[in-house]
Amino acid sequence: MQWDKDAEQAVGKIPFFVRQRVKKRVEAEAQQSGGARVTMAHVAACQQRYLHHQEEEVKGFCLEACFGQNGCPNRIDTGENLAGRLETLLGTHNLKEFMQSRVSGPLKLHHKFRLTMADCPNSCSRPQIVDIGLISAALPKLTETACSGCGSCLNACREEAITLAGPEAAPQFNWQRCLACGQCARACPTATIAQGCTGYRILLGGKLGRHPQLGQELSGIFSAETTLAIVDACLAHFKAENKKGERFGELLNRTGVTFLAPYTILPPR
Ligand code: SF4
Ligand code: SF4
Ligand code: SF4
């Protein structure tokens with residue numbers, strides 16, 4: 001659909017990680033009103049609906065992702081449809097009804113449980129400042145193929161997590177530094193380093209607002225199944241312990257994360 005320049009500029013000021021979603025809504029608004037182009041009137045109509053009918057817009061949760069699926073070369077493909085499964089899981093927790101039971105007065109747009117996915121550690125979608133943040137991870141592993149000593153993996157690793165003891169020696173990984181970005185496996189021309197396990201890093205309880213804090217990262221990398229189980233347990237805990245509409249991060253500051261079972265972590269190699 002074609003956009004008028006001023007409408008496009010107005011939407012261009014919206015933070016990039018929600019811009020696509022807002023654009024779709026404005027285009028839907030234009031289609032519903034029979035417009036052939038998107039104009040400022042459609043942008044303003046959407047804005048008014050947000051401001052004056054917030055409760056209808058609120059669905060109790062918000063699931064966002066980075067633009068990795070749109071062809072970003074850094075994207076780690078875990079081979080899982082985790083976003084779809086998370087959306088279903090979030091839907092089963094009736095979070096809108098829950099929020100209504102905890103908040104006095106009508107729900108506002110910020111009354112929602114926020115879960116954000118990033119397809120690599122660059123974290124463009126800012127998973128550190130939401131209730132649950134997930135970062136796709138790909139651990140490197142060594143294969144039987146001999147290293148040529150070309151140094152491409154050293155150049156690819158921004159964390160300085162790889163060392164080469166000598167021209168013929170196999171590379172060594174520093175697992176404390178490795179962010180499981182997968183770049184060394186992509187860079188290795190001999191496939192001495194290959195992609196190992198893929199999964200997700202999990203951050204809990206991040207938020208902005210009056211008392212901002214970054215999410216606490218659980219130790220390790222988790223499979224899709226375990227990630228779903230952890231998200232499920234977090235939502236159940238949120239609903240069981242939330243007395244007056246507090247954010248998940250505030251709640252965790254009170255309760256800690258001991259409610260989580262000792263979930264299986266993927267091995268480092
Ligand atoms: S987080 Fe990574 S995969 Fe996602 S858009 Fe940013 S760089 Fe690309
Ligand atoms: S996966 Fe780890 S070792 Fe490899 S480039 Fe990324 S941070 Fe470095
Ligand atoms: S990129 Fe591969 S072949 Fe080159 S030094 Fe690293 S492990 Fe060896």
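We number each residue from 1, following the sequence as shown. Note that ligands are numbered from 1 as they come in the structure, with each ligand's atoms numbered from 1 the same way.
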Between [X] and [Y], do the side chains contain an N or O donor and an N or O acceptor separated by less than 3.5 Å?
X	Y	answer
Q213	N253	yes
E160	N174	no
T78	Y200	yes
D232	H93	yes

Just by distance, do the side chain of R19 and the backbone of I14 share a donor-acceptor pair under 3.5 Å?
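Yes; judged by distance alone, with no hydrogens or angles, the pair exists.
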Can any side-chain N or O of N122 pair as donor or acceptor with the backbone N or O of C124 at less than 3.5 Å?
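A pair under 3.5 Å: no.
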C178 backbone or side-chain N/O/S under 2.8 Å from atom 6 (Fe) of ligand 2:
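Given the 2.8 Å cut-off, C178 does not count as a ligand of atom 6 (Fe) of ligand 2.
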Numbering the atoms of ligand 2 from 1, which are under 4.0 Å from a heavy atom of [X]?
X	answer
L179	2 (Fe), 7 (S)
C184	1 (S), 3 (S), 4 (Fe), 5 (S)
I162	3 (S)

Of the side chain and backbone of C120, name the one, both, or neither that has a heavy atom under 4.0 Å from an atom of ligand 1.
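Answer for C120: both.
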Ligand-side contact atoms (ligand 1) for residue partner D119, heavy atom cut-off under 4.0 Å
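Those of ligand 1 that fall under 4.0 Å from D119 are 3 (S), 4 (Fe).
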Proximal candidate to atom 5 (S) of ligand 3 [heavy atom criterion; set P140, C157, A156, G151]
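Nearest option to atom 5 (S) of ligand 3, by heavy atoms: G151.
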Can you list the atoms of ligand 3 that are under 4.0 Å from a heavy atom of S148?
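Close to S148: 3 (S), 8 (Fe).
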Using 2.8 Å as a strict upper limit, say whether an N, O or S atom of C124 approaches atom 4 (Fe) of ligand 1 that closely.
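Checking C124: none of its N, O or S atoms is under 2.8 Å.
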